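Input: a single structure, listed below in structure tokens.
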Amino acid sequence: LIDVAFTPSELRRTDVAVVIDVLRATSTATSALAVGFRMVVCVDSVEQAAAWRAQGRVLAGERNCIRPPGFDLGNSPLELAGCQGEVLVLATTNGAPTIVAAARYARTVVLACLLNLDAVLELLQGLESSPYRDIQVVCSGTGGATALEDVYVAGRICAELSGRRSDAALVAESVSRAYESPLEALAASANAGVLRAAGLGADIAYCSSESTLKIVPRLAATSAGAAIIVDGARAEHHALHAAIVDERDTVSSP
Ligand code: MLT
């Protein structure tokens with residue numbers, strides 16, 4: 001079954017959860033792996049992020065779209081250009097907690113946005129003959145409510161997959177067909193308005209670019225309530241993440 005959760009409250013047990021927060025958490029996580037971060041540690045809260053602080057780690061995130069005090073970066077994928085580090089710790093209001101929650105429901109969790117649309121589709125289409133083909137596309141939404149931009153991306157994904165669809169998947173596909181371009185859909189959303197008001201309008205255009213990154217952020221492990229995300233295409237990351245998780249666990253527990 002190909003299904004869509006319009007908000008994280010609809011998460012259910014599934015083979016594959018595809019989490020979307022196109023404005024901006026999954027766009028930021030994808031961009032971080034593209035610029036060379038080896039992993040993104042998604043956490044539930046700003047406080048949890050602080051507990052992950054260590055040398056070589058960069059803390060990124062937002063509260064009300066703005067970089068929290070003491071953080072190195074906000075949640076803008078554009079801020080990552082030229083940024084170096086091994087581990088990005090990401091604390092955002094909706095996207096990062098949805099990724100953490102999805103890890104409790106699905107063994108395979110991947111992060112999708114428009115930047116990596118083709119790469120995610122390639123992975124999902126590769127599952128077409130697999131018996132493990134119950135896919136839930138999970139929209140992070142905003143504060144428990146539906147976010148248009150996430151539903152648009154969910155619809156774009158569902159439209160390219162073959163197989164039985166839930167009504168939610170059909171609704172998402174209809175939404176995606178209503179817009180002529182990704183930018184038109186993202187720019188029409190309430191969250192785009194919030195970003196523009198915060199002076200972050202450039203992120204909307206950047207997050208609307210389609211299939212520019214060949215990265216599939218994928219859950220590698222969970223540790224102390226965090227979801228450890230690596231580029232699913234790069235196997236060496238798995239060994240590295242294990243080393244870092246061990247180190248994290250022996251240092252302290254939040
Ligand atoms: C979130 O996780 O709520 C969003 O990514 C917010 C944002 O755009 O910074």
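The chain is numbered in sequence order, starting from 1. Reckoned from all heavy atoms, side chains included, excluding hydrogens, waters and symmetry mates. Please read all numbers here as calculations on a predicted model, not as lab measurements. Ligands are counted one by one from 1 in listed order, and the atoms in each one are counted from 1 as well.
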Ligand 1 N/O within reach of L195 N/O, cut-off under 3.5 Å | no
Any idea which heavy atoms bring D134 and L1 closest together, and the distance?
-> OD1-O, 3.4 Å
At a 4.0 Å threshold, what atoms of ligand 1 neighbour a non-hydrogen atom of N75?
-> 4 (C), 5 (O), 6 (C), 7 (C), 8 (O), 9 (O)
min-distance protein heavy atom vs atom 8 (O) of ligand 1 -> R24 NE, 2.9 Å
Of all the heavy-atom pairs spanning S31 and S27, show the shortest one and how long it is.
-> OG-O, 2.8 Å
Please report which non-hydrogen protein atom sits nearest to atom 1 (C) of ligand 1, along with the residue it belongs to and the distance in Å to one decimal place.
-> D21 OD2, 3.2 Å
Do me a favour and list the nearest non-hydrogen protein atom to atom 6 (C) of ligand 1 with residue, atom name and distance?
-> E62 OE2, 3.4 Å
Heavy-atom closest pair (N191 atom, E149 atom, distance to 0.1 Å) is ND2-OE2, 2.7 Å
Looking only at distance, does C65 have an N or O less than 3.5 Å from an N or O of ligand 1?
-> no
Which heavy-atom pair separates S189 from L23 by the least distance, and what is that distance?
-> OG-CD1, 3.8 Å
Run the numbers for me: atoms of ligand 1, each under 4.0 Å from some heavy atom of T92, listed by number.
-> 1 (C), 2 (O)
Do any nitrogen or oxygen atoms of A25 come within less than 3.5 Å of a nitrogen or oxygen of ligand 1?
-> yes
Electrostatic pair E210:R156 at N-O distance under 4.0 angstrom | yes
Kindly give the heavy-atom pair with the smallest separation between A169 and D3, and that separation in Å.
-> CB-CA, 4.4 Å
